[in-house]
4 protein chains.
Amino acid sequence: MSHNTYGHLFRVTTWGESHGPALGCVVDGMPPGLAISEPEIQTWLDRRKPGQSRFTTQRREPDAVKILSGVFDGRTTGTPVSLMIENTDQRSKDYGEIVDKFRPGHADYTYIAKYGLRDHRGGGRSSARETAARVAAGALARKVLSGVTIRGALVQVGPHAIDRSRWNWDVTEQNPFWCPDAEMAAKWEDYLDSIRKDGDSVGAIIEVVASGVPAGWGAPIYGKLDADLAAAMMSINAVKAVEIGDGFASAAARGTENADEIRMGIDGKPVFLANHAGGVLGGISSGQDLIVRFAVKPTSSILTPVRSIDAQGNEVDVVTKGRHDPCVGIRAVPVGEAMMAAVLADHLLRHRAQTGR
Amino acid sequence: MSHNTYGHLFRVTTWGESHGPALGCVVDGMPPGLAISEPEIQTWLDRRKPGQSRFTTQRREPDAVKILSGVFDGRTTGTPVSLMIENTDQRSKDYGEIVDKFRPGHADYTYIAKYGLRDHRGGGRSSARETAARVAAGALARKVLSGVTIRGALVQVGPHAIDRSRWNWDVTEQNPFWCPDAEMAAKWEDYLDSIRKDGDSVGAIIEVVASGVPAGWGAPIYGKLDADLAAAMMSINAVKAVEIGDGFASAAARGTENADEIRMGIDGKPVFLANHAGGVLGGISSGQDLIVRFAVKPTSSILTPVRSIDAQGNEVDVVTKGRHDPCVGIRAVPVGEAMMAAVLADHLLRHRAQTGR
Amino acid sequence: MSHNTYGHLFRVTTWGESHGPALGCVVDGMPPGLAISEPEIQTWLDRRKPGQSRFTTQRREPDAVKILSGVFDGRTTGTPVSLMIENTDQRSKDYGEIVDKFRPGHADYTYIAKYGLRDHRGGGRSSARETAARVAAGALARKVLSGVTIRGALVQVGPHAIDRSRWNWDVTEQNPFWCPDAEMAAKWEDYLDSIRKDGDSVGAIIEVVASGVPAGWGAPIYGKLDADLAAAMMSINAVKAVEIGDGFASAAARGTENADEIRMGIDGKPVFLANHAGGVLGGISSGQDLIVRFAVKPTSSILTPVRSIDAQGNEVDVVTKGRHDPCVGIRAVPVGEAMMAAVLADHLLRHRAQTGR
Amino acid sequence: MSHNTYGHLFRVTTWGESHGPALGCVVDGMPPGLAISEPEIQTWLDRRKPGQSRFTTQRREPDAVKILSGVFDGRTTGTPVSLMIENTDQRSKDYGEIVDKFRPGHADYTYIAKYGLRDHRGGGRSSARETAARVAAGALARKVLSGVTIRGALVQVGPHAIDRSRWNWDVTEQNPFWCPDAEMAAKWEDYLDSIRKDGDSVGAIIEVVASGVPAGWGAPIYGKLDADLAAAMMSINAVKAVEIGDGFASAAARGTENADEIRMGIDGKPVFLANHAGGVLGGISSGQDLIVRFAVKPTSSILTPVRSIDAQGNEVDVVTKGRHDPCVGIRAVPVGEAMMAAVLADHLLRHRAQTGR
């Protein structure tokens with residue numbers, strides 16, 4: 001991963017600012033001959049589209065994706081696939097007031113510290129709008145990953161975590177949160193309404209699971225599958241933490257508790273009796289479900305005033321009036337799925353290169 | 001980071017197996033003219049050296065580093081620095097019994113799944129012994145980072161976390177755990193003795209802090225400083241989770257609580273009133289302390305038998321008789337520091353390239 | 001350089017097919033704060049635009065470039081610059097006849113051998129139309145290279161080489177060939193008219209010179225400035241040979257003849273008494289003019305029938321009826337300049353990263 | 001290719017100076033399970049070993065290679081293979097006189113311009129001694145390339161080119177020049193003796209041919225097989241020019257002459273009637289012989305004094321007294337073979353990654 005590109009062999013370069021004419025990505029390394037169409041990519045984009053419920057930003061954009069290259073007669077040709085999404089609802093004037101103010105929790109101050117100037121409109125390049133390009137690229141990655149299922153869920157909103165015994169993947173498609181626990185989803189509705197009324201926001205935890213990944217993907221030492229997943233998830237806007245399998249909880253565990261013991265299955269394949277490791281050992285997939293969780297901090301853009309400074313060094317108060325999500329973690333679910341897909345597509349190609357399988 | 005290399009501009013390639021003739025690293029991209037010597041690198045290596053207390057492996061090796069290239073008349077020349085550490089105490093026979101057994105929690109099964117064969121001696125390439133090369137490379141990275149202080153501490157062992165109000169960096173050098181809380185260090189001694197008597201092991205949490213990093217290092221979008229730190233820490237053996245600043249705790253926080261408000265300091269520089277973000281915003285350093293924590297799972301090699309299979313598919317019990325640490329997290333402290341140094345050295349060079357500063 | 005991306009720090013990823021909706025590039029790593037505009041990039045694009053004389057393809061396209069990201073208020077922001085050129089004159093039907101025929105000298109057969117399918121329209125990705133994106137990127141690279149002048153010239157067409165004693169850079173702008181020798185330019189007009197009447201084509205040699213490159217850019221061993229230039233030029237369509245300085249002629253030279261002796265200049269700087277080396281020693285610039293020459297083979301698309309096979313294995317004759325240049329080398333001049341600029345911009349950033357200068 | 005590393009998937013990082021304790025390389029990305037031994041690598045190293053005839057440097061070193069990692073029980077494990085060659089005959093005192101003098105044609109001045117200091121002993125990192133590590137890595141690359149034959153030959157020494165009608169590969173092993181033309185080899189003996197007596201040197205041209213490369217290796221646009229070969233050959237010490245197939249001669253050719261026409265073979269495979277293209281079309285292999293030529297300039301170290309300056313800016317005369325080859329092109333033959341092998345091994349892995357074949 002390097003600046004605006006992720007991946008070694010399945011390489012995605014994204015570009016575009018929140019309020020520029022368009023944003024998009026170039027995906028290089030796509031295997032040839034895969035069927036792909038704009039409507040199929042659009043299906044995935046629609047999952048992260050803003051304005052789908054009262055819990056996400058009311059910016060209303062169709063986020064319509066166009067394929068500009070790399071696909072011929074409905075199939076990938078092996079050359080770069082260029083995808084573009086035009087920005088149609090840009091409302092720059094909303095941001096006029098904060099042109100020079102550094103919004104706490106945003107990248108305003110650090111972009112100025114680095115570059116000396118910035119596109120302030122809607123956060124410019126640091127806007128979560130960039131993740132639309134990731135989701136589009138993730139749609140291509142999924143085409144590469146035949147036999148692998150990638151699903152994401154929201155497992156905690158503010159202090160309210162789901163009851164894992166009620167986990168039902170089907171339920172994730174039936175509420176505006178991708179929540180696998182129907183009871184908790186109902187509770188979150190009330191909770192988020194109150195947060196919104198307070199002019200406040202909350203954080204969240206997302207879990208992404210990949211099933212069907214064969215044993216053997218990944219690589220020592222710095223190209224570990226879990227290291228790449230950690231970077232991929234941490235690169236998503238507002239993410240502050242990543243864990244694999246039992247994650248931080250494994251610090252408190254004993255070796256006897258933490259062992260994923262192995263028996264022989266009736267089909268002659270190993271059967272693991274637990275999955276504390278989250279599907280990866282020594283940086284290489286074990287064939288079990290690959291399980292990643294990541295934490296998203298509360299939306300920094302809130303209606304409650306916070307103290308800051310401006311570019312001239314004056315002390316100011318910042319109130320964000322633009323359209324914002326009370327919990328950005330919700331829309332991070334499809335983005336986390338897309339990053340899982342991108343990392344796995346890259347590792348599939350890397351594995352194939354070295355081993356011929 | 002790619003397979004056995006980390007970094008883009010400060011590039012470290014490590015090589016070597018636990019029981020081969022030697023291990024080492026090649027560091028490419030070193031700025032020229034920096035004073036460096038074998039004794040200085042050795043100082044850092046000695047911090048992670050095995051056998052320093054009864055809480056770390058009794059494998060006794062001098063781990064003496066040799067500089068093979070890239071240094072002339074005591075200064076770096078800008079060409080690759082090759083460092084080598086010979087393996088002297090290899091005791092291969094200890095591992096005879098587990099040649100074909102897949103030790104749960106280790107990379108035995110996954111290496112076979114990937115490569116079809118493996119060097120079983122002491123874990124081969126997947127041994128934590130590889131981290132000696134990281135620490136040696138980290139010593140070079142520190143030379144690049146003039147003005148930056150990097151320190152690590154053990155903040156939790158099993159379920160026992162330190163009391164952060166007692167944090168004292170000086171104390172970390174006065175106990176065998178790099179523990180900044182003297183009271184807790186005493187408690188851990190007893191706790192780990194009991195763990196060892198049980199033939200068991202425990203996990204731990206390490207915190208690494210870099211002070212003096214100026215605002216502006218890092219890069220959007222996939223080359224974020226925190227994304228690279230996450231990958232770097234997750235690439236360390238047995239690490240299962242990484243967080244920056246408040247990390248997972250930020251999921252439960254509200255936007256109003258999580259804001260790192262800013263005021264003007266008397267020196268005309270911004271002063272942050274909190275550091276929930278852990279020193280990074282939008283992937284770019286804010287000038288605050290850079291704070292990373294990571295969790296290490298309990299040592300998988302334990303004296304208590306665990307169920308597994310062997311390469312022939314037979315169900316077997318595995319008991320590890322080799323020399324092992326009851327808590328591998330202890331020796332992960334200097335490794336975490338080294339990775340922090342490597343990531344920062346790389347980002348310093350990348351920042352300089354793009355901005356000329 | 002990797003598939004569709006060139007550069008390490010100044011990274012250009014191009015995309016697009018000859019007859020798709022558009023083509024373009026994403027330039028990542030641009031230093032911030034540089035003034036850049038669409039008209040300025042257009043100036044460079046217009047130099048390679050088709051249809052400017054009877055000696056280049058009659059495909060008539062405005063090749064109008066759009067900046068989609070990375071520029072705000074007329075200055076680069078340090079984020080990726082996305083450039084797009086829409087294809088407007090695509091005349092796909094011209095290519096109907098050769099859908100399945102493998103045109104000798106073109107990449108038709110090899111794309112099928114690699115990918116199993118291809119976009120046959122106008123050569124798809126292998127069309128020289130891709131070089132429009134290179135020239136656009138080269139315009140950005142020139143902005144990075146303050147103080148460096150990059151100029152290209154056509155020095156041989158078919159067997160007719162210029163007389164170097166008549167070299168005049170001003171003349172290159174006064175004839176349709178970028179020829180620095182006015183007499184030879186006149187001769188080429190007649191020669192190329194006869195070639196065209198014959199339904200044939202010829203090769204050419206291009207020379208690109210960069211002045212003002214300071215001593216010290218480049219790097220051992222595989223990142224040599226001349227190695228990167230060789231790859232860059234060889235990556236241009238139809239190029240079959242590259243040389244630096246005296247190039248192949250140095251094989252016949254003696255050491256005493258080939259020495260670029262050095263004296264002290266009155267300004268205290270070294271003065272080289274010759275430039276057989278072409279401005280690079282050990283992969284690093286010497287401060288002299290950087291001189292690269294490359295050969296372009298004759299256009300493979302000719303009106304004279306040539307024997308080949310089709311995708312079904314039938315033996316066929318191929319006659320190319322589309323619009324084609326009798327000498328593709330002419331339009332390779334601005335492309336060679338662009339590649340020189342891209343390589344130098346990349347090396348400037350790499351040099352700055354390692355040395356701080 | 002980046003600084004001291006070449007390759008994307010078959011990655012070779014070399015290190016070491018001419019007069020340091022050792023030099024070597026780390027090869028990452030090796031497929032697992034390949035049989036490899038020190039004697040096998042040594043066979044290739046012995047081909048470039050100095051002191052084998054009176055036409056190459058009299059520095060006498062065994063150049064004995066040691067495998068330090070990545071091989072277990074005689075087979076590659078898929079982890080990095082570290083190879084080391086100790087320097088035994090270093091005679092530093094020979095170089096005492098030129099510590100501060102910039103030898104024309106060498107990288108002395110440019111290394112100082114870049115790094116501000118340099119290891120002057122024998123050229124340090126810029127010494128052709130580095131190519132021993134390339135040859136060792138090339139031996140590993142050959143193991144990856146089952147079915148591909150790579151052979152090199154010297155085809156011109158000074159102004160004396162071979163007669164290609166007398167080309168006989170067997171002859172290359174029967175003279176000290178790898179010359180395929182027995183008559184010319186005899187002539188070169190006399191010619192080089194006279195050059196040596198004059199205290200002078202001459203350049204040379206090397207041709208490397210790979211047979212058995214299937215159609216389909218390579219990639220558009222910047223990852224073209226020929227672009228990578230150009231960079232690889234140009235990265236060899238003293239190389240000033242590279243060409244593929246007809247190379248510079250194709251500039252003078254007409255399209256009708258240059259067409260490699262295609263017919264169907266009796267085995268149902270395409271048969272090319274010529275190979276002007278040198279086995280590559282659009283950057284992708286055509287299945288024909290892959291043919292590369294490169295020119296090596298005359299050895300810069302000569303007994304005849306040449307004018308230069310020293311590090312203090314004084315004008316001086318330089319006479320090189322060390323042991324040097326009158327024609328460094330001779331020993332470039334096995335190096336060119338090794339680079340061809342490295343490039344092809346890398347492209348085999350890249351091709352396999354994207355296409356699964």
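To find a chain, count down the sequence lines: A is the first, B the second, and so on, and within it residues start at 1. All values derive from a computational prediction rather than experimental measurement.
With contacts defined as side-chain heavy-atom distances shorter than 4.5 Å, the pair C:Ser286/D:Thr110 qualifies. The side-chain heavy atoms of D:Arg350 and C:His3, taken from C-beta on, include a pair separated by under 4.5 Å. For the pair C:Trp217/D:Lys114, no side-chain contact is recorded, criterion being any heavy-atom separation below 4.5 Å from C-beta on. D:Ile262 places none of its side-chain heavy atoms less than 4.5 Å from the side chain of C:Glu315. Annotation: side chain of C:Met234 is in contact with side chain of D:Ile244 (closest heavy-atom distance under 4.5 Å). At a threshold of 4.5 Å between non-hydrogen side-chain atoms, the residues C:Pro220 and D:Tyr111 count as touching. Within the 4.5 Å cutoff, no side-chain heavy atoms of D:Leu281 are placed close to those of C:His106. Looking at heavy atoms from C-beta onward, D:Pro298 lies in side-chain contact with C:Asn258 at the 4.5 angstrom threshold.
Note: D:Gly218 leads D:Gly245, D:Gly199, D:Gly218 in heavy-atom pairs under 4.5 Å with chain C. Listed options D:Gly116, D:Gly268, D:Ser126, D:Ala277 were ranked by heavy-atom pairs under 4.5 angstrom with chain C; first place goes to D:Ala277. Between chain C and the options D:Gly282, D:Gly255, D:Ala251, the largest number of non-hydrogen pairs under 4.5 Å is found for D:Ala251. Contact count against chain C (heavy-atom pairs under 4.5 Å) is highest for D:Asp200 among D:Asp200, D:Val239, D:Thr14. Ranked by heavy-atom pairs shorter than 4.5 Å toward chain D, the options C:Ile236, C:Ile195, C:Asp246 are led by C:Ile195. When the candidates D:His276, D:Lys224, D:Arg307, D:Arg357 are compared by the number of heavy-atom contacts under 4.5 Å with chain C, D:Arg307 comes out ahead. If you tally non-hydrogen atom pairs under 4.5 Å between each of C:Thr256, C:Leu273, C:Asp226, C:Thr304 and chain D, the highest count goes to C:Thr256. Counting heavy-atom pairs closer than 4.5 Å to chain D, the top residue among C:His351, C:Glu257, C:Arg254 is C:Arg254. Highest contact tally toward chain D, considering only C:Gly278, C:Ser308, C:Cys327, C:Ser301, is held by C:Ser308 [criterion: heavy-atom pairs under 4.5 Å]. For the options D:Pro305, D:Gly287, D:Pro270, heavy-atom pairs under 4.5 Å to chain C are most numerous at D:Pro270.
Proximity to chain D (any heavy atom under 4.5 Å) is restricted, for C:Val296, to the backbone atoms N, CA, C and O. Using a 4.5 Å cut-off between heavy atoms, D:Val316 contacts chain C through its backbone alone, with no side-chain atom that close. Neither the backbone nor the side chain of C:Val318 comes within contact range of chain D; no heavy atoms are under 4.5 Å apart. Contacts of C:Ser285 with chain D are made by backbone atoms alone, with heavy-atom separations under 4.5 Å and no side-chain atom involved. Only the side chain of C:Ile302 comes within less than 4.5 Å of a heavy atom in chain D; its backbone stays farther off. Only the backbone of C:Phe294 has a heavy atom closer than 4.5 Å to any heavy atom of chain D. Only the backbone of C:Ala204 comes within less than 4.5 Å of a heavy atom of chain D; no side-chain atom from C-beta onward does. With a 4.5 angstrom heavy-atom cutoff, C:Ile112 does not touch chain D via any of its atoms. When heavy atoms are compared at a cutoff of 4.5 Å, C:Gln354 approaches chain D solely by way of its side chain, counted from C-beta outward. Using a 4.5 Å cut-off between heavy atoms, D:Asp198 contacts chain C through its side chain alone, with no backbone atom that close.
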Review point. Run the side chain to side chain contact (heavy atoms under 4.5 Å, CB included) check on C:Phe248 and D:Ile205 step by step: do they pass?
Key: CA-CA 8 Å; C:Phe248 273 104; D:Ile205 298 179; 3.8 Å; yes

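Between D:Glu243 and C:Lys240, no side-chain nitrogen of the basic residue sits less than 4.0 Å from a carboxylate oxygen of the acidic one, so the salt-bridge criterion is not met.
The distance from the OH atom of C:Tyr115 to the OG1 atom of D:Thr355 is 9.5 Å, given to the nearest 0.5 Å. Of the inter-residue distances, the one linking D:Met264 atom CE with C:Asp310 atom CG reads 9.0 Å to the nearest 0.5 angstrom.
Of all heavy-atom pairs spanning D:Ala295 and C:Gly247, the tightest one is CB-O, 4.1 Å. Contact record, C:Arg134 with D:Ile221: NH2-CG2, 2.9 Å, taken as the closest heavy-atom pair. Considering every non-hydrogen atom in both C:Ala113 and D:Ala215, the closest pair reads CB-CB, 3.7 Å.
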